[in-house]
Amino acid sequence: MNPVRIGIIGCSRISKKSVIPAILKSEFVEIEMIGSRTVDKAKEFSKEFDCKNFGAYEDVISNKSIDAVYISTPIGTHAEWAIRAMSQGKHVYCEKSSTISFESAKKMVDCAKQNNVRVMEGFMFKFHPQHQKVKELITNNIIGNLISFHGIFGFPKFPISDIRYVKNLGGGFLNDSGCYPISASRMIFEEEPVGVSSSLIIDPKTGVDTRGVSYMTFKNEKTASIIFGNGNYYQSEYNVWGTDGKITLERAYSVPSDFETNVCLEYNEGYAWEDKKNENFKIKPKDHFLEMIDDFCLDISKQQKSSLDFEKELENQAKVMEAHRISSINKKFVYLDEIN
């Protein structure tokens with residue numbers, strides 16, 4: 001196959017640190033152009049990553065040689081640029097969270113369908129093999145029937161000038177970190193929650209949520225509890241509790257490409273405390289950004305269909321995120337079928 005020609009919209013930290021380096025490692029994609037709000041920034045990125053073409057966001061979208069775009073602008077602007085790119089016949093890989101509302105997510109998906117292109121929300125962690133190991137243990141009934149999922153994602157405070165604290169740009173840490181364990185719970189249970197109870201702590205100075213907790217119910221009495229926030233000791237884990245055991249990941253969401261992860265399994269061989277057993281499965285380092293990018297490029301070039309339905313995943317995730325916002329504002333349990 002000819003490599004997918006991709007344009008970069010947004011010279012963000014994550015694009016510089018993780019996404020563009022992964023693109024450069026992939027055999028299925030090449031960078032055609034880099035766009036930024038300022039030409040100087042785009043020129044700087046282009047020089048660093050040896051890309052000849054650079055310009056404004058609009059230049060990337062209007063470039064007819066580009067097959068797909070990667071969008072890493074502030075979250076509140078994702079929908080606008082994604083729709084503009086898809087309207088020009090370009091596939092979209094959009095940084096997470098994809099957008100700030102369920103309504104705008106539906107517009108993104110509708111635009112993709114109307115223009116016969118794909119749009120993917122970039123939850124790279126799903127492509128790390130440690131989660132495949134977790135699902136293998138679950139499928140093999142090693143921990144019995146699933147009871148609950150518990151996910152935590154939080155980190156030290158960012159400088160107050162960071163865009164995460166700018167409300168009208170889609171700031172807040174539900175969008176930035178809470179989205180990960182929410183997405184992971186859906187991935188592990190392989191279904192959507194029935195409903196959500198959420199409480200977000202709002203910073204009075206900035207108006208954005210800085211911490212939050214949520215409780216989600218799923219079918220067959222399964223539950224998921226989520227804690228996320230900013231200004232915390234770094235945590236990036238989840239555990240899955242079953243009738244016969246528990247599985248824990250200590251580095252579940254943001255994993256460096258050279259980092260060896262560990263899947264910890266706990267179970268009992270009897271009824272006494274001393275019958276408790278632990279097994280650790282070491283997972284070799286893997287660049288989950290590269291795995292996701294390859295999957296996306298192979299799918300849009302019709303070489304290999306992805307196991308994920310990109311548009312369905314994006315829309316369903318946005319609906320659960322919307323339920324969190326509504327629940328916190330109205331201080332009530334929100335059923336997902338209430339949201340249309």
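The residues of the chain are indexed from 1 along the displayed sequence.
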>> Any side-chain to backbone donor/acceptor pair from S15 onto C11? Under 3.5 Å, distance only.
In response: no

> Going by atom types alone, do N145 and T243 pair a side-chain donor with an acceptor below 3.5 Å?
Replying inline: no

> Does the distance from a Lys or Arg side-chain N to an Asp or Glu carboxylate O, for E48 and K16, drop under 4.0 Å?
Replying inline: yes

> Under 4.0 Å between a Lys/Arg side-chain N and an Asp/Glu carboxylate O for K319 and E315?
Replying inline: no

> Quick check: are there more than 12 heavy atoms from other residues, nucleotides or ligands sitting under 6.0 Å from CG of N140?
Replying inline: yes

> Is the closest side-chain donor-acceptor distance between N278 and Y267 under 3.5 Å?
Replying inline: no

> Which is it for Y253 and H288 under the side chain to side chain donor-acceptor pair (under 3.5 Å) test, yes or no, and what are the steps along the way?
Replying inline: CA-CA 10 Å; Y253 312 115; H288 50 184; over 6 Å; no

> Taking NZ, NE, NH1 and NH2 as the nitrogens, is one of them in E237 or R251 under 4.0 Å from a carboxylate oxygen of the other?
Replying inline: no

>> Do R325 and N330 pair up side chain to side chain, a donor and an acceptor below 3.5 Å, judged on atom types alone?
In response: no

> Is there a donor in the side chain of H78 and an acceptor in the side chain of S98, or the other way round, less than 3.5 Å apart?
Replying inline: no

> Do N280 and N262 meet the criterion of a side-chain donor-acceptor pair at a distance under 3.5 Å?
Replying inline: yes

> Is the shortest distance from a Lys or Arg side-chain nitrogen in K106 or E103 to a carboxylate oxygen in the other one below 4.0 Å?
Replying inline: yes

> Are E136 and K133 close enough for a salt bridge, meaning some N to O gap below 4.0 Å?
Replying inline: yes

> Do T210 and N230 meet the criterion of a side-chain donor-acceptor pair at a distance under 3.5 Å?
Replying inline: no

> Going by atom types only, do D40 and T38 share a side-chain donor-acceptor pair under 3.5 Å?
Replying inline: no

> Can you tell me if H324 and S214 form a side-chain donor-acceptor pair at under 3.5 Å?
Replying inline: yes

>> Under a plain distance cut-off of 3.5 Å, with no hydrogens placed, do S12 and S72 share a side-chain donor-acceptor pair?
In response: yes

> Is the backbone N or O of V255 less than 3.5 Å from a side-chain atom of H128, with the two atoms forming a donor-acceptor pair by type?
Replying inline: no

>> Let's go through S104 and T99 carefully: what are the C-alpha distance in whole Å and the side-chain angles of both, what is the deciding distance for side chain to side chain donor-acceptor pair (under 3.5 Å) to 0.1 Å, and is it a yes or a no?
In response: CA-CA 7 Å; S104 55; T99 184; 2.4 Å; yes

>> Salt bridge check, D287 against K25: does any charged N sit closer than 4.0 Å to a carboxylate O?
In response: yes

>> Whether D162 and R164 form a salt bridge (side-chain N of Lys/Arg under 4.0 Å from carboxylate O of Asp/Glu) is what I want to check.
In response: yes

> Are E121 and K96 within salt-bridge range, i.e. N to O under 4.0 Å?
Replying inline: no

> After noting the C-alpha distance and the side-chain angles of E191 and K219, does the key distance pass the salt bridge (Lys or Arg N to Asp or Glu O under 4.0 Å) rule?
Replying inline: CA-CA 8 Å; E191 62 185 67; K219 294 176 184 175; 5.6 Å; no

> Would I75 and V109 show up in the same hydrophobic cluster when neighbours are defined by side-chain heavy atoms closer than 4.5 Å?
Replying inline: no

